[in-house]
Amino acid sequence: MPDYQPPLDDIRFVLDNVTPIGDLAKLGPYGHADADTVGGVLDEFARLMSDVWAPTNEVGDVEGSTLSGDEVTTPTGFKAAYDAYASAGWGAVPFDEAYGGGGFPWLVGIVMQEMLNSANMALAMAPLLTQGAIDAILHHGSEEQKEKYLLRMVSAEWTGSMNLTEPEAGSDVGALRTKAVPADDGTWRISGTKIFISFGEHDMADNIIHLVLARTPGAPPGTKGISCFIVPKFLVNEDGSIGERNDVTCVSIEHKMGIKASPTCVMSYGEQGGAVGYLIGEENRGMRYMFTMMNNARLSVGLEGLALAERAYQDALQYAQERRQGSAPGAPAGESSFIIDHPDIRRMLMTMKASIEAMRGVIYLTAERMDIAMAHPDPDIRQAEQEQVDLLIPVCKAWSTDLGCEVTSLAIQIYGGMGYIEESGVPQHFRDARITPIYEGTNGIQAMDLVGRKLPMRAGGVVEDYLSMIASLDPALEKAGDGLASIRTNLADALTVLADTTGWLLHHGLDDPRDALAGATPYLRMFSLVTGGWVMARQALAAKAIIDQGNGDVAQAEAKLVSARFFAEQLLPAVKGLQAPVTAGHGGLFAIDPAQLAG
Ligand SMILES: Cc1cc2nc3c(=O)[nH]c(=O)nc-3n(C[C@H](O)[C@H](O)[C@H](O)COP(=O)(O)OP(=O)(O)OC[C@H]3O[C@@H](n4cnc5c(N)ncnc54)[C@H](O)[C@@H]3O)c2cc1C
């Protein structure tokens, strides 16, 4: 089975040309993260991913995590791979230096996460969930809580878990019932059941810091009555050492279609009288605190889609160059061709390649904006960048995870019958990818977020600024001449359709929200395609500059220009066909009642 090779050249192309890492280093806090230093960090990290993490991916799928009593055992090699990551300090790279972090831009952390997820997505979920818990404590915890938990979580010695979901509270988190009652000593006692908790229990770290959403006595109903608690698996003594076992256990783990090595746990809190919990911030503000970490978490899940697409592409590309079948047009008589020479296989490979490059550009660009929004000295720029991040997050999450499923499915198609056979390795990527449009807010919820919350930001001003920014690339594309002409025309056409459709949605969202919600998912796809088209146009301009000046890797630049053109000419035109579904309104969806849907 093919191995995973971190695509460092592709990653560097984006970091050098689309989201210049050198510019971020000019912002005070990231001064030490110049391009050379970041390059060195990524080279070394890539070695760990290809040599240590990637080989554990298949065994993880075959063995899965197992539960015995209330203890979860991860598959062979997982603990060693996690230890290698933690002991070298890799988990700390993008976090605050005050808590032992490396203080690197989030963009660098995101690039590393791409490699983590390509190498082994199921294992990468441990650092991902820890990141969510760190974010919540860092932004809303007390100084004492930060000192007690963050150092060991940032160092990856301890992991974190996020406990939102309950049997009756999935997309509607506000329906949760887990209880928290105050104890005499200022702590709380937590009781209730949480389901689907990733890495709620495992054998890779000495302690697990659970973040648990619960209701305090008399809390208002819905999301306004949710509080957030730290519930450690082992209580932590005053001197930082590990103390008594807390009243929280894993009672079962799910049998899933993918990410089988990631233990998805049913967690029971308080069977012995109440798990000791520590309130984060104030009562009833838990949902607000979750929003703080949501952008990071959703960007990271979008990245899972990109990462699996990349790994599946590498496999499919290799297979297409080794498998001979049929005779491609123009092949010598009597000789069977490599399937890569068939136009339909090329179509699939180019679709995969262009989609991956567009996703990578959009996700890295959003991470870069997060860094600017955090660190720029000008508050107006910080706010403008944050608005753009908020607008782009549902796009990064939903588009990249949908594409993750589509691209991994294309890999299976390229393998033909072998793609349906587990030993080929490609079905795992597809099965692993399938969860990503579901968790961290289903993609339907992302589309509703884009249409219902993000478009109306600043009375439509934020999206208007965004569309104007895309339009402002036109003079550079015009100046670039004939070589980029099709990119220019297709982007301009798609942008016009997006602007019209956005206006329709803003209007109908006010008139009858059902119309806007009915078109939300095709609209998100339309928005994403235009965003991808814009990023690929920037890629094309950068590639053309390298080719014209003969300065840099010209062969790579030529390939980048070709994939940008492919995206503009063959993927972007789909925008036009999406306008009718977006603007159809809700009538057709509800024209027959549920009984009639059956026949
Ligand atoms: C492998 C795995 C790992 C997970 N890890 C975690 C974890 O670590 N922590 C955690 O807390 N949770 C976790 N989850 C839970 C996950 O976040 C939820 O499954 C997800 O939020 C969806 O909730 P649900 O399953 O209840 O589906 P439902 O909410 O019942 O949704 C069913 C369908 O209805 C749609 N829908 C629901 N409400 C609306 C609406 N208002 N408008 C339009 N459509 C709607 C949804 O989009 C979906 O298509 C995990 C789940 C899985 C499977």
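Counting from 1, the numbers follow the sequence of the chain as shown. Order of appearance sets the numbers: ligands from 1, and atoms from 1 within every ligand. Keep in mind that the numbers below use all heavy atoms, side chains included, and drop hydrogens, waters and symmetry copies.
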Chemist: Checking a contact table here: which protein heavy atom is nearest atom 24 (P) of ligand 1, and how many Å away?
Modeler: Gly170 CA, 4.0 Å

Chemist: Can you sort out which atoms of ligand 1 are near Leu129, meaning under 4.0 Å from one of its heavy atoms?
Modeler: 8 (O)

Chemist: Just distances here: any N/O of Lys256 and N/O of ligand 1 closer than 3.5 Å?
Modeler: no

Chemist: Less than 3.5 Å between some nitrogen or oxygen of Leu164 and one of ligand 1, yes or no?
Modeler: yes

Chemist: Look at the rings of Trp53 and Tyr85 and say which category their plane angle falls in: under 30° parallel, 30 to 60° tilted, over 60° perpendicular.
Modeler: tilted

Chemist: Could you name the option among Thr521, Ile435, Leu517 that has the heavy atom nearest to atom 52 (C) of ligand 1?
Modeler: Ile435

Chemist: Does the N or O separation between Tyr439 and ligand 1 drop below 3.5 Å for any pair?
Modeler: no

Chemist: Who gets closest to atom 43 (C) of ligand 1 by heavy atom: Met448, Met257, Glu254, Lys194?
Modeler: Met448

Chemist: Could you tell me whether Met162 and ligand 1 have an N or O pair separated by under 3.5 Å?
Modeler: yes

Chemist: Check whether any side-chain heavy atom of Cys250 sits under 4.5 Å from a side-chain heavy atom of Leu67, and report yes or no.
Modeler: yes

Chemist: Quick check: Thr264 and ligand 1, any N/O pair under 3.5 Å apart?
Modeler: no

Chemist: So, Asp61 and Arg431, do they make that salt bridge, N to O below 4.0 Å?
Modeler: yes

Chemist: Please say whether more than 12 non-hydrogen atoms of neighbouring residues, nucleotides or ligands are located less than 6.0 Å from CD in Glu244.
Modeler: no

Chemist: Tell me the protein heavy atom at minimum distance from atom 28 (P) of ligand 1, and give that distance in Å.
Modeler: Ser171 OG, 3.7 Å

Chemist: Would a search of protein heavy atoms around atom 35 (C) of ligand 1 find one under 4.0 Å away?
Modeler: no

Chemist: Hey, which atoms in ligand 1 end up nearer than 4.0 Å to a heavy atom of Ile438?
Modeler: 20 (C)

Chemist: Students should be able to answer this: which protein heavy-atom is nearest to atom 47 (O) of ligand 1, and at what distance?
Modeler: Thr442 OG1, 2.7 Å

Chemist: Are any of the protein's heavy atoms under 4.0 angstrom from atom 50 (C) of ligand 1, yes or no?
Modeler: yes

Chemist: Relative to the ring of Phe199, is the ring of His202 parallel (under 30°), tilted (30 to 60°) or perpendicular (over 60°)?
Modeler: perpendicular

Chemist: Would you mind checking if Asp315 and Arg311 are paired as a salt bridge, meaning a charged N to carboxylate O distance below 4.0 Å?
Modeler: no

Chemist: Identify, for atom 25 (O) of ligand 1, the protein heavy atom at the shortest distance, and state residue, atom and that distance.
Modeler: Phe196 CE1, 4.1 Å

Chemist: Tell me, which protein residue and heavy-atom name are nearest atom 12 (N) of ligand 1, and how many Å apart are they?
Modeler: Thr165 OG1, 2.7 Å

